[in-house]
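Read through the structure below, which is laid out as structure tokens, and then see the notes.
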Amino acid sequence: MTYVCRCLIVLFVVVVLASCAYFPTEQSQVPEVSPLQPPQRTQLSSLMKYHRQLQKKTEQELSKEYSEVRKRFLYKRNDKNRARYTLLLSLPNTSFHNLTDALHLLNEWPQKTNLSADSDSFRVLLVLLLKEQQYLMIQKRNLSQKLKDEEARSESLQKQVDDIKDMEKRLLRRNPS
């Protein structure tokens, strides 16, 4: 009987442990950032949070932010300042928008820096997106120039057609028959 009791107790313990593993305990909805979380993860998170804040700012606030971040970057060229400066340079429709400088900062990121896989992947993605944006801007510029050339050509042809019409009218006035 003792053998049967032991088996039942072991079976009971196994069932209790299995059910505890199956039914999760109640957790809070907001994930807590543990002090053991790698700093690289929080770097990328804070960078994305900074980008969201930039989206909410006015042109005047962005210009002020750009000046401050630029000064900080020129004074201390650390990863955080480089990333923020690059994000500001890549913002479209701003007076300080400069894809060439942003790409240079991303491509020339110091090799001695230990970026997390997430941060490095983000850097590579941003480089690809900025290159694509730069390519599209060049294409837009080329197409705009072609359009201007075609408009000038069209105006020239229209002037020739109008001149020919004027000549016909003058000829018809001279020879009414």
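As a basis for the values below, the full set of heavy atoms in this structure was taken, side chains included, without hydrogen atoms, waters or symmetry mates.
Residues passing the salt bridge (Lys or Arg N to Asp or Glu O under 4.0 Å) test with Lys56: none are found, sequence neighbours excluded. Qualifying salt bridge (Lys or Arg N to Asp or Glu O under 4.0 Å) partners for Asp166, counting only residues two or more places apart in sequence or in other chains: none.
Interatomic distance, Leu44 CG to Lys49 NZ, rounded to the nearest 0.5 Å: 14.0 Å. Expressed to the nearest 0.5 Å, how far OH of Tyr85 lies from CZ of Arg77 amounts to 8.5 Å. One distance of note links NE2 of His51 with OG of Ser46; it measures 13.5 Å at 0.5 Å rounding. One finds the CG atom of Leu128 at 13.0 Å from the CD atom of Gln133 (value rounded to the nearest 0.5 Å). Between Arg82 atom CZ and Glu108 atom CD the span is 8.0 Å, to the nearest 0.5 Å. Put simply, NZ on Lys159 and CD1 on Ile164 are 11.0 Å apart, with the number rounded to the nearest 0.5 Å.
The environment of CD in Gln60 is sparse: at most 12 heavy-atom neighbours from other residues, nucleotides or ligands sit within 6.0 Å. Within a 6.0 Å radius of CZ in Arg70, other residues, nucleotides and ligands contribute 12 heavy atoms or fewer. Counting non-hydrogen atoms of other residues, nucleotides and ligands closer than 6.0 Å to NZ of Lys57 gives a total above 12.
The shortest side-chain heavy-atom distance between Val127 and Val124 does not fall under the 4.5 Å cut-off. At a threshold of 4.5 Å between non-hydrogen side-chain atoms, the residues Met167 and Asp163 do not count as touching.
Leu129 belongs to a hydrophobic cluster whose remaining members, ordered by chain and number, are Leu125; membership requires side-chain heavy atoms of ILVMFWY residues under 4.5 Å apart, directly or through intermediates. Tyr135 belongs to a hydrophobic cluster whose remaining members, ordered by chain and number, are Leu136; membership requires side-chain heavy atoms of ILVMFWY residues under 4.5 Å apart, directly or through intermediates.
Scanning both residues, Asn81 and Asn78, for their nearest heavy atoms gives N-OD1, 2.8 Å.
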Please tabulate, one pair per line, all N/O donor-acceptor pairs under 3.5 Å involving side-chain atoms of residues 145-155, not counting sequence neighbours.
residue, atom, partner, partner atom, Å
Gln145, NE2, Asp149, OD1, 3.0

Between side-chain atoms of residues 88-101 and protein atoms elsewhere (two or more places apart, or another chain), which donor-acceptor pairs fall under 3.5 Å?
residue, atom, partner, partner atom, Å
Ser90, OG, Thr86, O, 3.2
Ser90, OG, Leu87, O, 2.9
Thr94, OG1, Leu91, O, 3.0
Thr94, OG1, His97, N, 3.3
His97, ND1, Leu89, O, 3.4
His97, ND1, Leu91, O, 2.7
Asn98, OD1, Thr100, N, 3.2
Asn98, OD1, Asp101, N, 3.1
Asn98, ND2, Asp101, OD2, 2.9
Thr100, OG1, Gln134, NE2, 3.4

Kindly determine whether Leu126 and Leu106 satisfy side-chain contact (heavy atoms from CB on, under 4.5 Å), including the steps that lead there. CA-CA 8 Å; Leu126 194 54; Leu106 288 170; 3.8 Å; yes
Can you check side-chain contact (heavy atoms from CB on, under 4.5 Å) on Phe73 and Leu105, steps first, answer last? CA-CA 11 Å; Phe73 175 69; Leu105 287 170; 3.5 Å; yes
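Remark: side-chain polar atoms of Glu68 are not paired, donor with acceptor, to backbone N or O of Glu65 under 3.5 angstrom.
Both cation-pi conditions hold for Arg84 and Tyr50: the charged atom is under 6.0 angstrom from the six-membered ring centre and inside a 45 degree cone around its axis.
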